[in-house]
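This report refers to the structure that appears directly beneath it.
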Amino acid sequence: MNVWEHQDARQEAEHFCAVHGIDGTVLLDETGGYAERLGVRGVPLNYLVDAGGIVRFVGATTPREMEECLTALFEAPAG
């Protein structure tokens, strides 16, 4: 989710994704309303959401933390 960009939010998000090799869905929250509802107080902050729309991890910010969270998510028993 891209939040709190002061101008050209879509362009900033696209640039960030290109630089960091992110190929996935990125939500634009130009008003900050959704971030407020989620309790986001600062960035960067990542939410890993499973295919069913369930938030599984919050807060992984480094590549190592993301890898650990994704590994745990994929290794977790279905249910």
Side-chain angles (χ1 to χ4, degrees):
M1 177 171 65
N2 180 279
V3 65
W4 301 317
E5 297 291 352
H6 298 292
Q7 53 185 310
D8 300 321
R10 179 176 296 280
Q11 183 178 355
E12 288 294 321
E14 288 173 351
H15 176 73
F16 183 88
C17 290
V19 167
H20 296 284
I22 297 170
D23 184 27
T25 302
V26 176
L27 303 174
L28 290 177
D29 184 13
E30 295 181 75
T31 66
Y34 192 61
E36 183 178 333
R37 288 180 59 199
L38 291 173
V40 174
R41 299 186 191 282
V43 291
L45 180 66
N46 292 298
Y47 287 78
L48 297 180
V49 182
D50 70 14
I54 306 292
V55 175
R56 297 296 180 178
F57 294 97
V58 177
T61 56
T62 68
R64 183 176 179 176
E65 290 172 330
M66 284 292 258
E67 183 177 347
E68 289 171 357
C69 290
L70 287 168
T71 298
L73 182 62
F74 287 119
E75 291 177 353

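By the neighbour-count criterion of 12 heavy atoms within 6.0 Å, atom NE2 of His20 is densely surrounded, having more than that number from other residues, nucleotides or ligands. For Glu36, the CD atom sits in a loose shell: 12 or fewer heavy atoms of surrounding residues, nucleotides or ligands are nearer than 6.0 Å. Summarising the local packing, CD of Glu68 is surrounded by more than 12 heavy atoms from other residues, nucleotides or ligands at distances under 6.0 Å.
Taking CZ from Arg10 and CD from Glu5, the interatomic distance works out to 12.5 Å, rounded to the nearest 0.5 Å. A distance of 12.5 Å separates CG of Asp8 from NE2 of His15, quoted to the nearest 0.5 Å.
Taking each heavy atom of Phe57 and Ala72 in turn, the nearest pair found is CZ-CB, 3.9 Å. Of all non-hydrogen atoms in Ala35 and Val3, the two that sit nearest each other are CB-CG2, 3.7 Å. Pairing each heavy atom of Val26 with each of Asn2, the nearest pair is CG1-N, 4.1 Å. Nearest approach of Tyr34 to Met1, heavy atoms of both residues: CD2-SD, 3.4 Å.
Hydrophobic clustering keeps Phe16 apart from Val43 (ILVMFWY residues linked when any side-chain heavy atoms are closer than 4.5 Å, directly or through intermediates). Hydrophobic clustering (ILVMFWY, side-chain heavy atoms < 4.5 Å, transitive): Leu28 and Trp4 are in distinct clusters. By the criterion of side-chain heavy atoms lying less than 4.5 angstrom apart, applied directly or through intervening Ile, Leu, Val, Met, Phe, Trp or Tyr residues, Val55 is grouped together with Leu27 in one hydrophobic cluster.
At a threshold of 4.5 Å between non-hydrogen side-chain atoms, the residues Met66 and Leu48 count as touching.
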